[in-house]
Asker: 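Right, I'll just put the structure down here and ask away after.
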There are 2 protein chains.
Amino acid sequence: MTDEALAFPTARHDHAACIAEALDRAERLCAERGERLTTLRRQVLELVWSGHAPQGAYDLLEQLGQARGRVAPPTVYRALEFLQAQGLIHRIESLNAFIGCPIPEERHSGQFFICRLCGLAAELDVGAIDRAIDREATRLGFTIERRTVELQGLCRACREAQA
Amino acid sequence: MTDEALAFPTARHDHAACIAEALDRAERLCAERGERLTTLRRQVLELVWSGHAPQGAYDLLEQLGQARGRVAPPTVYRALEFLQAQGLIHRIESLNAFIGCPIPEERHSGQFFICRLCGLAAELDVGAIDRAIDREATRLGFTIERRTVELQGLCRACREAQA
DNA sequence: TCGGTCATGTTATAAAATAACATTTGCGCC
DNA sequence: GGCGCAAATGTTATTTTATAACATGACCGA
Ligand SMILES: [Zn+2]
Ligand SMILES: [Zn+2]
Ligand SMILES: [Zn+2]
Ligand SMILES: [Zn+2]
C-alpha cells in the first residue's frame, strides 16, 4: 500500500512497507476490537500480503509449512476465516484466492481489478459502481448483503508490454 | 423467462414456458452457429433451467444420472463448458453453480442478484453498472476481459416474508 | 490454581474440477 | 453405401479446494 492503496500496484514500490503497514494496522485494529491476532493469524496475514496477487489457500498452506513444520488445511482455513471476519483480507471468488485489504478499518466489499498476466490485483472502492448497483437493487426490492465485483483482464503495464 | 427475462423470477410464473423457450432459443442459436446441441448438452441445459436457482455441477450430475445411468463428472463439465462457450449459461462464481441465460443471443456478462433464502437468481444487464465499471477501468488503464458481478441478499418476497 | 473459553492440532472426508486415454458418433467425401 | 477424420462422449484416476469431528493446548479471569 503505502499511499497507492486503492490503485493498481506499481511494479517497483516499497512492498516491504506495504507488509509492515498492513501488519501494523491489523495489530491496532484487533487490539481496538479485543480480538486476538495470534502468531499463526499474523503469519498467515503476512503470507497473504507477500505480494499484490491473490494467494490460494494451499499455496499459503505450503509456505506456512516452511515456517512451522507440517500444517493441515484447517489451520490455514481457520486463520483465513478470522482474517476475513476482521476485514483484513478479501476472498476473490473467481480465483478461489485471498488478498490483503488496504483499508480494513472500514467495512466494505471492494471491486477487484485482476490482471491475468502479472496476476496483480487492485482493490478499489468506487462509489459510482456501488451506487449503480444500489439503484438497481432498490428497483428490484432486493436487499444486498454481500457484493462480489471482480474484473479480470490486462493491467496497463501488461497491455503495453503485449503490443 | 417468458417476458420477465431480466427481472426477478416471480413465484408463480409459467416455468414450463421458460424451459421450452430456453431450449428453443438454444436450438436456433446453435443451428445458426453451426454448433451441435447434442442430446446430452440439451439435457444438461434443460436441467440447468429446471428452476431459476443456480445449479451445482454435481447436482446436475446426479439428476443426469436418472435419465442416463452412471455419469461421470467430465460428462457434465464438458457439457457445461460448451453451454458456457455458447453463452447459454453463466457460471456463478460465488456459488460454484450454473444458471441459464435468458438472452443468449447477445454476448454479455450480466449482473446476478441472488436470494440466500429462496435461492432464486435474477440476471440483469444494467448499462449504468457496466458503464461505472468501464469508467474506472479506463482511469486505471485496465482492459476488462471478464466481469463477475454477483450480489447476494434477500429478494423482495423473502424480505417481506421475514418481517 | 481452577475452570471455562477460545485457538490450534489431527485425522478423515467431502465437494468441485480436471487430466489422460479409450471408444463412439456424426459427417463430408468418394 | 463405405471410408476416414474430427468432434463428442465414456472411463478411470487424480488434483484441487474446503469442511467435519474430535483431541489437545494456551490464555484469562475468578
Ligand atoms: Zn506492495
Ligand atoms: Zn478491502
Ligand atoms: Zn421460469
Ligand atoms: Zn446472460
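Being a predicted model, the structure only gives us computed values, none of them experimental. Letters A, B, ... are given to chains in the order of the sequence lines, protein chains preceding strands, and every chain is numbered from 1. Below, each value reflects all heavy atoms present in this structure, side chains not excepted, and no hydrogens, waters or symmetry copies.
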Asker: Between B:Phe98 and B:Ile92, does the side-chain contact (heavy atoms from CB on, under 4.5 Å) criterion hold? Intermediate values first, please.
Answerer: CA-CA 6 Å; B:Phe98 299 84; B:Ile92 305 296; over 6 Å; no
Asker: What is the separation between atom CG on A:Leu80 and atom P on D:dT19, rounded to the nearest whole Å?
Answerer: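 It is 10 Å, rounded to the nearest whole Å.
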Asker: Is it the case that the base of C:dA16 and the side chain of B:Tyr58 share a donor-acceptor contact (distance under 3.5 Å, atom types as modelled)?
Answerer: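 Answer is yes: a donor-acceptor pair is held.
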Asker: Is there a side-chain contact between B:Arg91 and the phosphate of C:dA17, meaning an N or O under 4.0 Å from OP1 or OP2?
Answerer: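 The answer is yes; a side-chain N or O of B:Arg91 sits under 4.0 Å from OP1 or OP2.
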Asker: What is the distance from CD of B:Gln55 to C1' of C:dA15, rounded to the nearest Å?
Answerer: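 My rounded result for the distance is 16 Å.
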Asker: Spell out, as yes or no, whether a donor-acceptor pair under 3.5 Å connects the side chain of B:Arg36 to the backbone of B:Arg41.
Answerer: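 Looks like no, no N/O pair under 3.5 Å.
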Asker: Counting only side-chain N and O atoms of A:Arg70, is one of them less than 4.0 Å from OP1 or OP2 of C:dT10?
Answerer: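 False: A:Arg70 side-chain N/O out of range (4.0 Å or more) of C:dT10 OP1/OP2.
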Asker: Tell me: CG of A:Leu40 to P of D:dG25, nearest whole Å?
Answerer: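 For the pair A:Leu40 CG and D:dG25 P, the rounded distance is 17 Å.
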Asker: Whole-Å distance between C:dT18 P and B:Phe82 CZ?
Answerer: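 About 18 Å, once rounded to whole Å.
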Asker: B:Leu64 CG to D:dA8 P: how many Å, rounded?
Answerer: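 Between P of D:dA8 and CG of B:Leu64: 17 Å.
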Asker: What integer distance in Å separates A:Leu95:CG from D:dA18:P?
Answerer: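 Those two atoms, CG and P, are 11 Å apart.
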Asker: Find which nucleotide of DNA chain D each of B:Thr38 and B:Pro73 is nearest to by heavy atoms, and output the residue with the more 5' nucleotide.
Answerer: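 Taking each residue's closest nucleotide, the earlier one in sequence belongs to B:Thr38.
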Asker: So, is B:Arg68 close to the D:dG10 phosphate, meaning a side-chain N or O under 4.0 Å from OP1 or OP2?
Answerer: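 Yes, within the criterion.
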Asker: Taking CD from A:Glu62 and P from D:dA18, how many angstroms apart are they, rounded to a whole number?
Answerer: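 Going from CD in A:Glu62 over to P in D:dA18 covers 16 Å.
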Asker: Answer with yes or no whether B:Arg78 presents, from its side chain, a donor or acceptor under 3.5 Å of a partner atom in the base of D:dG10.
Answerer: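 For B:Arg78, whose side chain was compared with the base of D:dG10, there is a donor-acceptor pair (under 3.5 Å).
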Asker: Please determine whether a side-chain nitrogen or oxygen atom of B:Thr75 lies at a distance below 4.0 Å from atom OP1 or OP2 of D:dG10.
Answerer: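 B:Thr75 to D:dG10 OP1/OP2: side-chain N or O found under 4.0 Å.
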Asker: Select one nucleotide: of D:dT17, D:dA20, C:dA17, the one nearest the side-chain heavy atoms of A:Asn96.
Answerer: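 In terms of side-chain proximity for A:Asn96, the closest of D:dT17, D:dA20, C:dA17 is D:dT17.
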Asker: Any chance you could lay out the side-chain contact (heavy atoms from CB on, under 4.5 Å) test for B:Arg147 and A:Gln152, step after step, and finish with the verdict?
Answerer: CA-CA 6 Å; B:Arg147 294 163 195 257; A:Gln152 289 175 58; over 6 Å; no
Asker: For A:Arg70, look at atom CZ and say whether over 12 heavy atoms of other residues, nucleotides or ligands are found less than 6.0 Å away.
Answerer: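 No - once you tally the heavy atoms of other residues, nucleotides and ligands closer than 6.0 Å, there are 12 at most.
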Asker: Is a side-chain N or O of A:Gln55 found less than 3.5 angstrom from the main chain of A:Ala53, in a donor-acceptor match?
Answerer: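 Yes; at least one donor-acceptor contact below 3.5 Å.
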Asker: Between P on C:dT10 and OH on A:Tyr77, what's the gap in Å once rounded to a whole number?
Answerer: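 Distance check: A:Tyr77 OH to C:dT10 P gives 19 Å.
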Asker: Let me spell it out: for each of B:Arg41 and A:Ala97, pick the nucleotide of DNA chain D with the closest heavy atom. Which residue's pick is nearer the 5' end?
Answerer: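 Whichever sits nearer the 5' end wins; that is B:Arg41.
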